[in-house]
Amino acid sequence: MNDLSAPQVEKKTDLLGMDRDAMQAFFASIGEKPFRAGQVMKWIHQFGVSEFDEMTNLSKALRDKLKKVAQVRTPRIVAEQHSDDGTIKWLLEMDNKNSVETVFIPEKNRGTLCISSQVGCALDCSFCSTGKQGFNRNLENWEIIAQMWVANKALGCKPKEERRISNVVFMGMGEPLLNVTHTFPAARILMDDFAYGLSKRRVTISTAGVVPAIDKIKAEVDVSLAISLHAPNNPLRDELVPINQKYPLEVLMPSLHRFVEGGHSKKHVTVEYVMIDKVNDRPEHAHELVDLLQGLACKVNLIPFNPFPNTDYRRSSNNAIHRFRAILEEGGLNVTVRKTRGDDIDAACGQLAGKVADRTKRTLHRVEFAQGEQ
Ligand code: SAH
């Protein structure tokens, strides 16, 4: 495959992460026609080809030219784990210090791929294990779309066959809206007919609430939106989702209304609400949530909390979840309860860890400790 140690590699242009406009600009820059962009995107994304010599409808001369100036760089699969329920988790090495996790969740009528947008996460939500590791860096376009590329290949997906990956959610490690420069082009590739051709209903960006970037979605990528709400009032949300201190509910909620406004009749926001025992699962929280979501086209997804080492939080009881759900439904909301998948391989929501070369102070002492032990 790619020899990353070859000295000239640094100068080559990476093609995997280029959306259609970028690919056309690239071909123009090497004096080639724009239609080459679609041809090469098909080879890369639909046929899973990373070697130019396998792109047989390109002339030998063009293939040789491409070999000199470009590459299709792909990550190394470090580990692949299978859950009893069919969920698959891949650990992908992006550089020699960092790896991220990607999860495939098969269901009866669809297959969802959960992809990461950053190495670690800077938001430090109190109930999420990814945040506990600190933040290292944003993933590049190619590193984000590579997760789809690898999963398709690993699952043996062929073009024109029924899609095993029918939906993609940016719900892995990281905050996608703090990395829009790279997540937006990756989302465009997911929806491009020359690549994966997913409809915008089937590509979902999940955010803890980065308001200025929520306002950019409609114009720049027009994907579906999920908001990790988790609390119906500011004091509790400040504690669970600290970015709320920057964009509190009175700023966040109008941005969600703006997102659905003017859209088609089915356009809505998915509201995610992790159910934590005795923290945010009381009846009064449910009533507050009904009031908060009044008039917003939304669907509420209740997520039973998934535990991880060194957390004091516990999952809400089934009774508490049913009671909460009933109050929301009485208030006229559309509610689903997420089935926990892949928790036997730590692939459930909030359990993704990867390998983060941490640069933040938060876990510095742990790193030093580990080094001292050697
Ligand atoms: N930063 C983005 C995307 C990553 S989190 C966001 O906040 O939306 C993806 C989803 O998993 C979010 O709804 C998140 O709140 C939820 N989640 C995180 N930790 C969890 C845990 N321990 N148990 C259950 N869900 C969790």
Side-chain angles (χ1 to χ4, degrees), residues 103 105 107 110 112-117 121 123-131 167-178 183 201-211 213-214 217 223-234 236-244 247-249 252-253 255-257 259-260 267-277 279-281 285-286 288-290 292-293 296-308 313 315-316 320-321 324-325 327-329 331 333-343 347-352:
V103 180
I105 307 144
E107 287 170 280
R110 62 178 178 186
T112 303
L113 191 72
C114 178
I115 62 178
S116 298
S117 55
C121 187
L123 294 185
D124 202 21
C125 297
S126 60
F127 54 88
C128 179
S129 78
T130 303
N167 295 63
V168 176
V169 293
F170 286 78
M171 293 186 190
M173 298 165 67
E175 169 50 53
L177 292 189
L178 287 179
T183 50
R201 284 180 305 110
R202 294 177 178 277
V203 178
T204 303
I205 287 186
S206 179
T207 180
V210 185
V211 171
I214 291 175
I217 294 179
V223 286
S224 300
L225 177 67
I227 175 75
S228 291
L229 198 63
H230 309 315
N233 61 57
N234 280 326
L236 185 55
R237 196 162 192 270
D238 283 348
E239 191 186 311
L240 298 178
V241 187
I243 199 178
N244 192 69
Y247 304 113
L249 290 171
L252 174 64
M253 296 311 294
S255 78
L256 303 180
H257 284 272
F259 178 80
V260 287
K267 190 158 172 119
H268 66 274
V269 177
T270 301
V271 173
E272 297 168 278
Y273 195 102
V274 62
M275 297 293 291
I276 311 174
D277 185 40
V279 172
N280 64 353
D281 65 348
H285 295 131
E288 265 184 293
L289 191 57
V290 169
L292 184 70
L293 298 178
L296 178 70
C298 67
K299 288 184 183 164
V300 181
N301 196 204
L302 301 178
I303 313 171
F305 171 70
N306 291 312
F308 52 88
Y313 291 139
R315 178 178 294 182
S316 301
I321 296 176
F324 201 90
R325 177 186 193 152
I327 296 170
L328 298 187
E329 285 178 341
L333 293 169
N334 185 333
V335 189
T336 49
V337 178
R338 189 177 293 173
K339 229 172 104 199
T340 297
R341 299 287 303 264
D343 50 347
C349 305
Q351 293 184 320
L352 298 188

If the condition is salt bridge (charged side-chain N to carboxylate O under 4.0 Å, His left out), which residues does Glu288 pass it with, not counting sequence neighbours?
none

Can you tell me how far apart CG (Leu302) and OG (Ser316) are? Round to the nearest 0.5 Å.
9.0 Å

Hey, mind stepping through Val337 and Met275 against side chain to side chain contact (heavy atoms under 4.5 Å, CB included) and telling me if it holds?
CA-CA 10 Å; Val337 178; Met275 297 293 291; over 6 Å; no

Measure the NZ-OG1 distance between Lys299 and Thr336 for me, rounded to the nearest 0.5 Å.
8.5 Å

Can you measure from OH (Tyr273) to CD1 (Ile303) and round to the nearest 0.5 angstrom?
11.5 Å

Starting from the C-alpha separation in whole Å, work towards a yes-or-no answer on side-chain hydrogen bond (donor to acceptor under 3.5 Å, both in side chains) for Ser117 and Glu175.
CA-CA 6 Å; Ser117 55; Glu175 169 50 53; over 6 Å; no

Could you tell me whether the side chain of Thr183 and the main chain of Pro176 form a donor-acceptor pair under 3.5 Å?
yes

Would you compute the distance between atom CG of Asn306 and atom CD1 of Ile276 and round it to the nearest 0.5 angstrom?
10.5 Å

Restricting to non-hydrogen atoms, name the atom on Arg237 and the atom on Ile227 that form the minimum distance, rounded to 0.1 Å.
NH2-CD1, 4.3 Å

Any residue meeting salt bridge (charged side-chain N to carboxylate O under 4.0 Å, His left out) with Glu239, in chain and number order, not counting sequence neighbours
none

So NE2 of His285 and CG of Asn280: to nearest 0.5 Å the spacing works out to 6.5 Å

Where do Thr270 and Thr204 land on the side chain to side chain contact (heavy atoms under 4.5 Å, CB included) test, with the steps shown first?
CA-CA 9 Å; Thr270 301; Thr204 303; 5.5 Å; no

Rounded to the nearest 0.5 Å, the CG atom of Asn244 sits from the CG atom of Leu123 at a distance of 11.5 Å

For Arg325 and Val335, indicate whether the former's side chain and the latter's backbone hold a donor-acceptor pair under 3.5 Å.
yes

Here the pair of heavy atoms bringing Lys267 nearest to Phe259 is CE-O, 3.1 Å

I'd like to check the salt bridge (charged side-chain N to carboxylate O under 4.0 Å, His left out) partners of Asp238; sequence neighbours left out, ordered by chain and number.
none

Let me see the working for Ile327 and Leu289 under side chain to side chain contact (heavy atoms under 4.5 Å, CB included), right down to the final yes or no.
CA-CA 10 Å; Ile327 296 170; Leu289 191 57; over 6 Å; no

With no hydrogens and no angle check, is any side-chain donor or acceptor of Asn234 less than 3.5 Å from a backbone partner on Leu249?
yes

May I have the step-by-step check of side chain to side chain contact (heavy atoms under 4.5 Å, CB included) for Val300 and Leu229, ending in yes or no?
CA-CA 10 Å; Val300 181; Leu229 198 63; over 6 Å; no

Ignoring hydrogens and angles, tell me if any N or O in the side chain of Ser228 forms a donor-acceptor pair with the backbone of Ala208 under 3.5 Å.
no

Between Asn167 and Val203, is there a side-chain heavy-atom distance shorter than 4.5 Å?
no

